[in-house]
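Lettering follows sequence order; numbering is per chain, from 1.
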Amino acid sequence: MFKILHAEFLAPGIKRFVIEAPRIAHKQKPGQFVILRLYEQGERIPITIERSDPERGTIGIVVQSIGKTTHLLNSLNAGDSILDVVGPLGKPSEIEKFGTVVVMGGGVGTAMAYPTAAALKRAGNRVISIVGARNKELVILERELREVSDALMITTDDGTYADKGFVTDKLRQLIENGTRIDLVLAIGPIPMMRAVAEMTRKEHIRTIVSLNPIMIDGTGMCGGCRVLVDGKSEFACVDGPEFDAHRVDFAVLVQRNSMYRAAEQKSLEEFQHDPESQVESVRTGRTGACAVEGDGR
Amino acid sequence: MTEPTKQPTKQVSLNPVPVKERMKMPRQHMLEQSPLERAHNFTEVNLGYSEELARQEAQRCLECPKATCTIDCPVGVKVKEFVQLIVAGNYMAAAAKIREDNVLPAITGRVCPQEDHCEGGCLMGKKVQPLGIGYLERFVADYEQGHLDISNLPKAPPTGKKVAIVGSGPSGLTAAGDLVQYGHQVHVFEALHTPGGVLVYGIPEFRLPKQIIREQIDYMRAMGVEFETDVVVGRTVTIDELMEEEGYDAVFIGTGAGLPQFMGIPGEHLNGVYSANEFLTRINLMHAYEFPKYDEPMVDFRGKNVAVIGGGNTALDAIRSALRLGAGKAFILYRRSEAEMPARIEEVKHAKQEGIEFQVLAAPLEFLDDGKGWLAGARCQKMALGEPDASGRRRPVPIEGSEYNIPLAVVVIAIGTSANPIVQSTTPGLATNKRGYIQANETTQRTSRRGVFAGGDIVTGSATVILAMGAGRRAAKSIHEYLTTSGEW
């Protein structure tokens with residue numbers, strides 16, 4: 001049982017949690033993730049760790065409501081608990097002094113890119129961050145990213161905030177302006193990561209993406225998260241989640257992530273039919289879940 | 001705890017049946033769900049012995065002076081003694097007798113390949129059918145579960161030593177159960193959310209009900225064993241941290257057979273192609289067969305063609321699960337002949353009764369795409385048997401020009417596993433072999449690292465529950481010796 005100490009919406013449908021998980025907080029490195037399960041009948045879902053505080057024994061995660069489990073999770077608040085949280089899983093991001101690094105976050109991917117951007121900055125890199133969101137409301141972690149970036153660019157699909165367009169437009173501008181780029185890290189929706197990979201492939205810019213395939217155990221045991229990298233199967237949970245974008249077969253990733261779409265839709269519809277009672281059943285399945293004041297960090 | 005070697009010398013038989021009559025008694029069959037019924041449910045196939053059947057079967061035991069059954073048992077269960085206690089009607093004493101050597105009797109009674117061990121060693125088997133030792137063990141274990149009060153189990157005086165067990169599968173549970181009886185403080189770490197390892201994620205409900213595992217684990221908790229789930233040792237905490245920061249005096253690594261092997265043939269990434277580990281984990285650990293009551297989904301098997309590649313117990317568990325999910329046609333695709341299949345005899349028999357088809361001497365060359373990223377079928381090749389290979393089994397040799405296509409909606413690949421590197425790669429100085437398995441002494445289970453022991457599939461590669469338990473038992477004895485002597489390495 002892992003207690004939620006703090007929970008706040010960063011944007012509509014995007015919530016940040018601070019969870020008591022001392023063992024994970026002690027070990028977490030940027031780029032790693034946890035797998036969590038909310039209740040006895042729940043599925044296991046991977047979520048990137050946004051930050052950790054080893055002294056307080058807490059980790060932060062940022063969750064976007066997409067399917068049933070994330071909707072349920074985002075209905076929980078400080079004082080509630082999560083049944084299972086295991087991690088940190090996956091290989092940490094490669095952090096060294098590359099020179100100039102462009103960190104690109106699309107949507108909630110921004111929260112996953114943030115810890116790596118911060119670590120790259122600490123390692124002495126010049127960090128240019130590009131954040132994209134559908135609209136103004138969905139731009140998250142702007143202040144945090146600005147603190148760890150030498151430059152921050154923001155795009156919104158509809159132009160309601162900053163520049164109208166996509167993150168790839170900004171990357172193209174950088175390339176066209178002759179900016180020397182030693183590494184690109186892109187985390188976001190698959191179409192965005194694929195578009196970045198195509199753009200940087202031509203320029204021979206090393207590009208890292210963080211992949212989000214369907215996963216169960218997270219320790220390499222099941223092989224469900226296999227992705228096609230250079231024509232070979234690799235497991236995102238132990239060989240990744242970060243991979244060289246130019247070697248990843250994005251079409252296979254899209255195809256495999258669609259495998260349970262009908263079932264996922266059915267789960268979500270059933271949840272939305274009566275969300276309150278389901279949230280309540282998740283809460284009452286707990287023992288010792290008493291209200292705790294959020295530490296707010 | 002007693003050692004399995006020394007047997008009491010003289011014993012008056014309580015068996016009313018004269019020895020020469022015993023060979024004439026037929027082996028008592030265990031009641032089973034009918035094949036037609038069970039092929040559509042996940043409820044246990046075997047229904048157990050009644051007291052009467054158990055006593056009749058127990059009376060068949062010849063009480064051989066040299067108990068080859070015990071000698072052939074990896075954990076050395078005192079078969080003759082426990083069987084005589086069944087004859088006497090003292091089932092609780094029989095259970096206690098088994099527990100001296102085997103902390104998981106309800107599990108081994110169900111999943112052990114008895115034909116390779118105790119029943120394989122049974123003298124009766126030379127002439128007639130061997131004594132039903134597995135059935136008797138199961139009967140005793142189930143009887144005990146129904147009658148035991150675990151609130152007041154005797155506890156050994158504490159030694160003050162702490163042992164960490166990494167992995168709660170068969171080897172880890174056995175080591176934990178033995179070590180706690182020596183009086184050591186035992187803490188078991190499990191990566192998944194439920195203890196039991198392969199017993200939980202690998203073996204289906206119809207062969208080993210999860211309730212049985214829960215009961216065995218509750219029993220171990222009552223013995224004083226502590227369990228901590230959601231800890232991936234190597235990631236959440238390292239072996240070095242356990243020893244240096246958390247004060248463990250010894251560690252046993254029983255992390256099991258880790259990574260699923262794929263075939264490296266085209267089309268393995270298609271939707272509808274599973275590793276056996278994933279397929280079985282979805283069903284057993286995540287209850288995907290109960291979707292939408294449980295959230296974990298599974299592709300729709302109803303009326304579809306499903307093939308499992310492989311011939312071991314895992315392959316049979318997978319294909320019989322597929323049948324229960326409603327597969328229209330469910331078959332095993334195995335590259336050797338049935339004689340070389342490593343699966344338990346009883347599983348093969350049960351599978352055939354249920355209508356599983358066996359296509360032997362055939363292997364897939366490629367999985368075919370339906371044009372939308374889903375599996376449409378497999379291109380296969382026929383095989384002939386050549387000379388024996390390193391495993392002693394005859395090698396499959398492809399027959400040129402024998403290629404053929406079969407339509408398939410789902411394929412499960414059950415051709416084995418390789419070593420999961422998480423613990424090895426995060427434990428400096430822990431020696432591994434060239435395939436990545438941990439090197440451990442075969443008797444003491446000691447590794448190259450002081451205070452660190454290992455056993456089970458992470459040392460041997462994929463084997464059986466009982467062999468892993470044997471390793472756990474040897475490790476416990478050896479850890480106890482290490483902790484109670486000068487600790488030389």
Scored by heavy-atom pairs under 4.5 Å with chain B, the best of A/I24, A/V85, A/I214, A/D217 is A/V85
Below 4.5 Å, heavy-atom pairs only: which of A/E43, A/M259, A/K68 has the largest tally toward chain B? A/M259
For B/L259, which atoms come within 4.5 Å of any heavy atom of chain A: side chain, backbone, both, or neither? both
salt_bridge(A/R37, A/E40) N-O dist < 4.0 Å: yes
Hey, does the side chain of B/T427 reach the backbone of B/I239 with a donor-acceptor pair shorter than 3.5 angstrom? no
Got a donor-acceptor contact below 3.5 angstrom from the B/N271 side chain to the A/Q255 backbone? yes
Pick one of side chain, backbone, both or neither for B/E246, based on which atoms fall under 4.5 Å of a heavy atom in chain A. side chain
Most contact-rich option vs chain B, by heavy-atom pairs under 4.5 angstrom, among A/G220, A/G42, A/S258, A/G218, is A/G220
Between A/E234 and A/R226, does at least one N-O distance fall below 4.0 Å, as a salt bridge requires? no
Check B/R302 with B/D300, please: is the shortest side-chain N to carboxylate O separation under 4.0 Å? yes
Looking at B/K210 and B/E215, does any basic side-chain N land under 4.0 Å from a carboxylate oxygen? no
Using modelled atom types and a 3.5 Å cut-off, is there a donor and acceptor pairing between side-chain atoms of B/E190 and backbone atoms of B/S168? yes
Top residue by heavy-atom pair count (under 4.5 Å) with chain A, among B/N277, B/T417, B/T236? B/T236
Part of residues 235-247 of chain A lying next to chain B, heavy-atom separation under 4.5 Å: A/F235, A/V238
Under 4.5 Å from a heavy atom of chain B, the part of A/L89 involved: both
Could you tell me whether A/R194 and A/E198 make a salt bridge, using a distance below 4.0 angstrom between a side-chain N and a carboxylate O? no
Atom group of A/S233 that falls short of 4.5 Å from chain B, counting heavy atoms: neither
Residues A/D274 and A/S277: side-chain donor-acceptor under 3.5 angstrom: yes
Expected contact set for residues 285-299 of chain B against chain A at heavy-atom separation under 4.5 Å reads B/M286, B/F291, B/P292, B/K293, B/Y294, B/D295, B/E296, B/P297, B/M298, B/V299
Verify whether the ring centers belonging to A/H273 and A/F271 lie closer than 6.0 Å. no
Please check if the side chain of A/R56 supplies one atom and the backbone of A/P22 the other of a donor-acceptor pair under 3.5 Å. no
Quick check on the interface: out of B/G264, B/G256, B/P266, B/P260, who has the most heavy-atom pairs with chain A under 4.5 Å? B/P260
With a 6.0 Å cut-off on the ring centroids, do B/F301 and B/F279 count as close? yes
Checking side-chain contact (heavy atoms from CB on, under 4.5 Å) against B/H193, which of A/L36, A/I35, A/D84 comes through? A/D84
Whether the B/S418 and B/Q261 side chains hold a donor-acceptor pair (N or O, under 3.5 Å, no angle test) is what I'd like checked. no
Given A/K27, A/R44, A/M221, the one with more heavy-atom pairs under 4.5 angstrom with chain B than any other is A/M221
